[in-house]
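Structure first, then comments.
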Amino acid sequence: QVQLVESGGGLVQAGGSLRLSCAASGRTFSRYAMGWFRQAPGKEREFVAAINWSGGSTYYADSVKGRFTISRDNAKNTVFLQMNSLKPEDTAVYYCAADSVSYRPGLKSRMNEYGAWGQGTQVTVSS
């Protein structure tokens, strides 16, 4: 079982930046793809970005492409989400998630492909 803890959320003005971190423990982090999802008030949780086990492949939702960057440090068991040019519509609770299958080819955007979730971190972007 893997445990995931997000940090780095906060309040930022539109156009600003934040860097989210997700620290993993409990299993071999480097074997699994990781993803970031978000959930705004009154809306369903949605995919944001994913990165494969080695960090060599990434995948983004169209809404964040060119503004957000996902990365990972396998030596530190941590995945990051650098968020630039933030917009009020990026306001949400952001969750990191670990793929349920090790060394899975391809990157997934569906929640049911991920077997472990963090507790979330709030990001609020003011206009």
Side-chain angles (χ1 to χ4, degrees):
Q1 188 72 11
V2 63
Q3 292 78 44
L4 303 173
V5 179
E6 302 96 334
S7 61
L11 173 64
V12 64
Q13 289 189 333
S17 298
L18 281 174
R19 188 191 196 204
L20 305 184
S21 299
C22 173
S25 62
R27 69 176 183 189
T28 308
F29 173 78
S30 61
R31 297 177 182 175
Y32 297 87
M34 298 293 294
W36 284 97
F37 290 75
R38 67 185 181 186
Q39 188 166 17
K43 295 187 177 182
E44 293 186 353
R45 194 171 299 188
E46 64 176 6
F47 170 77
V48 174
I51 188 165
N52 76 332
W53 57 274
S54 69
S57 180
T58 57
Y59 176 43
Y60 297 93
D62 288 343
S63 58
V64 306
K65 202 172 295 183
R67 299 187 299 122
F68 290 12
T69 302
I70 188 171
S71 62
R72 65 191 297 159
D73 184 339
N74 284 344
K76 296 182 178 180
N77 287 357
T78 304
V79 62
F80 304 98
L81 186 68
Q82 177 67 43
M83 305 185 295
N84 298 330
S85 303
L86 282 161
K87 306 174 181 180
E89 52 264 42
D90 294 318
T91 294
V93 177
Y94 283 72
Y95 299 89
C96 71
D99 198 336
S100 57
V101 177
S102 62
Y103 301 122
R104 189 202 300 259
L107 292 170
K108 306 302 180 183
S109 61
R110 294 182 299 180
M111 288 177 54
N112 62 6
E113 301 285 2
Y114 293 83
W117 294 82
Q119 83 290 347
T121 185
Q122 176 70 47
V123 172
T124 303
V125 185
S126 63
S127 57

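Nothing fancy with the numbering, it's 1 onward along the sequence.
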State, yes or no, whether a side-chain contact exists between [X] and [Y] at a heavy-atom distance under 4.5 Å.
X    : Y    : answer
W36  : I51  : no
Q39  : E44  : no
L81  : V48  : yes
F47  : Y59  : yes
R72  : F29  : yes
L20  : M83  : yes
V12  : T124 : no
Q122 : T91  : yes

Side-chain heavy atoms under 4.5 angstrom apart, residues restricted to Ile, Leu, Val, Met, Phe, Trp, Tyr: same cluster for I70 and L4?
->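 Same cluster: I70 reaches L4 through Ile, Leu, Val, Met, Phe, Trp or Tyr contacts under 4.5 Å.
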Can L107 be reached from W117 by stepping across I, L, V, M, F, W or Y side chains whose heavy atoms are under 4.5 Å apart?
->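 Yes, one cluster joins them.
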Between [X] and [Y], which heavy-atom pair has the shortest distance, and what is it?
X    : Y    : value
L18  : L86  : N-CD1, 3.8 Å
V2   : A116 : CG1-CB, 3.0 Å
D90  : S85  : OD2-O, 4.4 Å
S21  : T78  : CB-CG2, 4.3 Å
Y60  : T69  : OH-CA, 3.3 Å
K108 : A50  : O-CB, 4.0 Å

Ignoring hydrogens and geometry, is there a side-chain-to-backbone donor-acceptor pair from [X] to [Y] under 3.5 Å?
X    : Y    : result
N52  : A33  : no
Y95  : T121 : no
T28  : S30  : no
E113 : S100 : no

Identify, with sequence neighbours excluded, every residue that meets salt bridge (charged side-chain N to carboxylate O under 4.0 Å, His left out) alongside E46.
->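 R38.
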Which pairs pass salt bridge (charged side-chain N to carboxylate O under 4.0 Å, His left out) with one or both residues in residues 7-22, sequence neighbours excluded?
->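 Matches after skipping sequence neighbours: none remain.
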Could you tell me the separation between the [atom1] atom of [X] and the [atom2] atom of [Y], rounded to the nearest 0.5 Å?
X   : Y   : atom1 : atom2 : value
K43 : E89 : NZ    : CD    : 8.5 Å
C22 : E6  : SG    : CD    : 5.0 Å
M34 : S71 : CE    : OG    : 11.5 Å

Salt bridge between K65 and D62, side-chain N to carboxylate O under 4.0 Å?
->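 Between D62 and K65 there is a salt bridge, with a charged N closer than 4.0 Å to a carboxylate O.
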Determine whether the aromatic ring centres of Y114 and F37 lie less than 6.0 Å apart.
->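 Centroid separation for Y114 and F37: below 6.0 Å.
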Parallel under 30°, tilted from 30 to 60°, perpendicular over 60°: which one fits the rings of Y103 and W53?
->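 Y103 vs W53 ring planes: perpendicular.
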